[in-house]
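First the structure, in the form of structure tokens, and then the observations on it.
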Amino acid sequence: MVKELVGLSKEELTAEISAIGEKPFRAKQLWQWIYFHGETDFEKMSNFSKDLRKKLAENFTITRPKIVAEQLSSDKTRKWLLEFADGQRVEMVYIPEEDRGAVCISTQVGCAVGCKFCHTGSQKLTRNLTAGEIVSQFMVARDTYGEWPSPTNETRYLSNIVVMGMGEPLHNPENTIKALNILTDGDGIAISRRRITMSTSGIVPQIERVLKATGVRLAVSLHAPNSELRSKIMPINNRYPLDEVLKACQNYQSEDGSRYITFEYLLLKDVNDSVDCAHQLIALMKKYKLRATFNLIPFNPWPGCVFEPSPNAQVKKFAKELENAGFAAPVRVPRGQDILAACGQLKSKHEEK
Ligand code: SAH
Ligand code: SF4
């Protein structure tokens, strides 16, 4: 059986190369072919002899997920529906800005957290993605935009990664850690750790572990200023209550004082968008002495959801309260709504129309 190389750590790749009787420096070269050049064809690896190229092709493979569908929004946001070897599918999104852009990658097929406002959460969990499946999503985006070999930081369109697609990354910590370490490796894809943000619904025992192992930035889906309300819209709050989540955030900041945490706050009409909610939120930040930035997210509706987006005027009022208290509170501009590519809209099995 040929073995998939995408997703192996450098050590694992070296072991595979030794197992076919080759020297470790070949593993280094192969790593560069895979992750710096984006090459998938052993025949094109020009610094390998004909015999070695043949041997590699007999033993290994470098595959990409299959692109089942690709949609381009009127605002240039692009969404891919990707299929893995066993037929399971996820969605991935690219959100371009003027001279850069973020690729939003998935970590699971579906999600077990079941937040009431989330389209992905209505799909249940099918399985975790492997490290290779997480990394290869980004590689597909680079294929599409022709961004191989890895460009220098200044010239990248695919400059940032947000782990905010389908799934809860901290329910798949091993593979997420492995994938993030491959994506940030300086000999390959080389996305800087500070350009990667991982969002979590607050799986407390894993927060510190994954951040320590990867050094990426943290975003926390808060969405409510008290535990009672949070439990209503995010049942995970019964397992890991708000104050434990915020204590974990406090720990993270006490170890690395320079890091701000982004708190994502979805504004749902008449649920969590009152001025009183904003005041409670400010009090919470003060209580836990958190250095925080807010990201206010307008709710993106999906077929069958029970919530409505907060009206614009209310969103502005809410933002103003936070800003008056000294917090940055930008409102996230929804992108790719016309192709269901915006936050919380991803799903790999859409209802038949
Ligand atoms: N599971 C992780 C990461 C994926 S969700 C998490 O929950 O943080 C990425 C972000 O989209 C989260 O902040 C999530 O709460 C938000 N989101 C979910 N459903 C949404 C919707 N319908 N509209 C807008 N944002 C949504
Ligand atoms: Fe899962 Fe995040 Fe959606 Fe909640 S918001 S169901 S954690 S993907």
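One-based numbering, in listed order, for ligands and for the atoms of each.
- Residue contacts with ligand 1 for V113 are absent, since no atom lies close enough (heavy atoms, distance under 4.0 Å).
- Atoms of ligand 2 lying under 4.0 Å from any heavy atom of S201, numbered from 1 in the order shown and given with element: 7 (S).
- Look at P298 and you'll find a heavy atom under 4.0 Å from some atom of ligand 1.
- Classified by interplanar angle (parallel below 30°, tilted 30° to 60°, perpendicular above 60°), the ring pair F299/F307 is perpendicular.
- Heavy atoms of H119 come nearer than 4.0 angstrom to ligand 1 in no pair at all.
- Both the backbone and the side chain of E168 come within 4.0 Å of ligand 1, counting heavy atoms alone.
- Against a heavy-atom cut-off of under 4.0 Å, H223 is close to the following atoms of ligand 1: 13 (O), 14 (C), 15 (O).
- Heavy-atom proximity to G165, at under 4.0 Å, picks out these atoms of ligand 1: 4 (C).
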Exercise answer: donor-acceptor pairs, residues 202-210 side-chain atoms, under 3.5 Å, sequence neighbours excluded:
from, atom 1, to, atom 2, distance (Å)
Q206, OE1, R209, NH1, 2.9
E208, OE2, K212, NZ, 3.0
R209, NH2, E174, OE2, 2.5

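- The closest side-chain heavy-atom distance from M166 to Q123 is below 4.5 Å.
- Backbone and side-chain nitrogen or oxygen atoms of E264 are examined, and one is located within less than 3.5 angstrom of a nitrogen or oxygen of ligand 1.
- Side-chain contact between R26 and F48: present, with at least one pair of heavy atoms (C-beta onward) separated by less than 4.5 Å.
- Within the listing of ligand 1, atoms 1 (N), 2 (C), 3 (C), 4 (C) sit less than 4.0 angstrom from a heavy atom of G167.
- Which parts of ligand 2 touch G167 is read off a 4.0 Å heavy-atom cut-off, strictly below it: atoms 8 (S).
- Counting heavy atoms only, C118 comes closest to atom 5 (S) of ligand 2 of the residues C118, G110, S221, A112.
- Applying the side chain to side chain contact (heavy atoms under 4.5 Å, CB included) test between F42 and each of L52, N59, I62 identifies I62 as the sole match.
- At distances below 3.5 Å, not a single donor-acceptor pair connects side-chain atoms of E168 with backbone N or O atoms of C111.
- Side-chain atoms of T144 and W80 include a donor-acceptor pair closer than 3.5 Å.
- Distances below 4.0 Å separate heavy atoms of G114 from the following atoms of ligand 2: 6 (S).
- Using a 4.5 Å heavy-atom threshold, the side chains of F318 and C277 count as touching.
- In this structure the side chain of M92 never reaches within 4.5 angstrom of the side chain of S106, judged on heavy atoms.
- Looking at M166 against ligand 1, nothing comes within 4.0 Å, counting heavy atoms.
- Every atom of ligand 1 is numbered from 1 in the order shown, and the set under 4.0 Å from a heavy atom of T200 is 6 (C), 8 (O).
- No side-chain donor-acceptor contact under 3.5 Å links S227 and D243.
- For W302, the heavy-atom gap to ligand 1 drops under 4.0 angstrom.
- Under 4.0 angstrom from ligand 1, the non-hydrogen atoms of I297 all belong to its side chain.
- With R335 contributing its side chain and D75 its backbone, the two residues share a donor-acceptor pair below 3.5 Å.
- Counting the atoms of ligand 1 from 1 in the order shown, those under 4.0 Å from a heavy atom of F299 are 21 (C), 22 (N), 23 (N).
- Near C111, with a cut-off below 4.0 Å to any heavy atom, the atoms of ligand 2 are 1 (Fe), 6 (S), 7 (S), 8 (S).
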